[in-house]
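One structure is given here, and the rest of the page talks about it.
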2 protein chains.
Amino acid sequence: MLRSDITVAIRDAVMHELAEVGYGRLSIEAVARRAGVGKTAIYRRWSNKLEMVLEIVSDVAGRSVPLPDTGSFAGDLQLIMMIVSRALQHRIASQIIPDLMAEAARNPQIAETLQKALRTHQQAVGEKLVGSAVTRGELPEGTDPDLAVDLILGPLYWRLAVSRTKPDGAYLEKLMAAVTAALRSTAN
Amino acid sequence: MLRSDITVAIRDAVMHELAEVGYGRLSIEAVARRAGVGKTAIYRRWSNKLEMVLEIVSDVAGRSVPLPDTGSFAGDLQLIMMIVSRALQHRIASQIIPDLMAEAARNPQIAETLQKALRTHQQAVGEKLVGSAVTRGELPEGTDPDLAVDLILGPLYWRLAVSRTKPDGAYLEKLMAAVTAALRSTAN
DNA sequence: CCAGGACGTAACGGTTGCGTTCCGCCGTTT
DNA sequence: AAACGGCGGAACGCAACCGTTACGTCCTGG
């Protein structure tokens, strides 16, 4: 039986190594060094770097956020923005996510895994959020859930993961108001 | 005198190599191979990989987009979105940009270069766009140009560079309408 | 008390890349 | 005609990693 404490140490090392050097430069030897583990222990678990990273990342990403339901669109929106901005300000996540996103553009396996782990869940959240809001009469019928997701995640991702300036509370409020107005307007 | 045709070949090879394998795995030997050039020719021009990439990338990124002024906010917005979505659908750009963005998160030199090449220009565009719209009375006074930039670039970047689904014309129109409504609402 | 298995360490041969050096070729300049 | 300089090519020593193997230790279950 493979020792679980060793497995945990490796998973942990992979995440940190991924954050520090990125997927492209991640080496099994460095992971082993960091985890305080022999290379053999790693190869006993996975047969190569890609498989290892995919398994570990999709596992972490799979522990996904529960669907929000606060009773009002404003509440749901605020909750989602809080959760996302928390996640994207996490030191490790904010390094790993853009790195893997970029890597996904050239590695179909990574793309597929990320897609499965993130996109699917996002769509579900978007549909739930918009659906409830529409039945509550807070958003016009025919509101596009995909557009909603883009409008919510896009600016946050851009600011937090790309231009990397910390948003204050006032910014988040403005953004919330703006997104709400944007979605309300899609009446036609 | 360094031969300019050789320099061009190298610059070209760097961009393509960057798109294919990313900064992390970019090797000078591969660049030389691709450019059909000796390594010596490269080292005669730059002293290492980082310096080379920074010089080339900032040069390309520096050829920046002119400030739009179509006479109306709707026109300006449409123009910007067209330009951005064109740029982000460009095969090479759409691979290089997210890759360098991710790399910037761990390399201050890259971050600074990208900041200088992109962020500064974006702010200028944002201020111009919002400023003109406000004086025309198309947007309320006090509209935040940074928020505007985030609302415009965020969703486009998210869709084109991250989730990588191709937007049709209808989507772009909806997005335009949504962004306009969002910014109009920031009256308070 | 013993067998099995997971472990760390060390070494293997092979590959890739670094940044440098030296060579001979060739077009310019003078 | 000769000197110069950029060029490609080849090789250098060095380092990092690959994926595999052999070995000795330690823990656990039977």
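Hydrogens, waters and symmetry mates are skipped; everything else that's a heavy atom, side chains included, is used. Below, read A as the first sequence line, B as the second, and so on, with proteins coming before strands; counting in each chain starts at 1. In this text the structure is predicted, and so the values were computed from the model without any measurement.
Residues B:Trp46 and B:Leu54 form no side-chain contact, since every pair of their non-hydrogen atoms from C-beta on lies 4.5 Å or further apart. For the pair B:Pro155/B:Arg159, no side-chain contact is recorded, criterion being any heavy-atom separation below 4.5 Å from C-beta on. Side chains of A:Val130 and A:Val149 form no contact here, defined as non-hydrogen atoms less than 4.5 Å apart.
Using a 4.0 Å cut-off between charged side-chain N and carboxylate O, A:Glu55 and A:Arg11 make a salt bridge.
Following rounding to the nearest Å, A:Glu17 (CD) and D:dA16 (C1') show an atom-to-atom distance of 13 Å. Rounded to an integer number of Å, the gap from A:Ile42 CD1 to D:dG19 P is 11 Å. The CE atom of A:Met52 sits 13 Å away from the P atom of D:dC17 (whole-angstrom rounding). What separates CG of B:Asp5 from P of D:dG6 is a distance of 14 Å, to the nearest Å.
Among the nucleotides D:dG6, D:dG9, C:dC7, the one closest to the side chain of B:Leu2 is D:dG6.
For B:Arg184 (side chain) and A:Ala182 (main-chain N/O), no donor-acceptor pair under 3.5 Å exists by modelled atom type.
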Might you list the N or O atoms of the protein lying below 3.5 Å from N or O atoms in nucleotides 15-19 of chain C, with each pair's distance?
from	atom 1	to	atom 2	distance (Å)
C:dC18	OP1	B:Ile28	N	2.8
C:dC18	OP2	B:Ile28	N	3.1
C:dC18	OP2	B:Glu29	N	3.0
C:dG19	OP2	B:Tyr43	OH	2.6
C:dG19	N7	B:Lys39	NZ	3.0
C:dG19	O6	B:Lys39	NZ	2.7

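Taking only side-chain nitrogens and oxygens, A:Arg45 comes nearer than 4.0 Å to OP1 or OP2 of C:dC7. Under 4.0 angstrom from either OP1 or OP2 of C:dC7 there lies no side-chain N or O belonging to A:Arg3.
Side-chain contact of B:Asp150 with A:Tyr171: a donor-acceptor pair under 3.5 Å is present, judged by distance alone.
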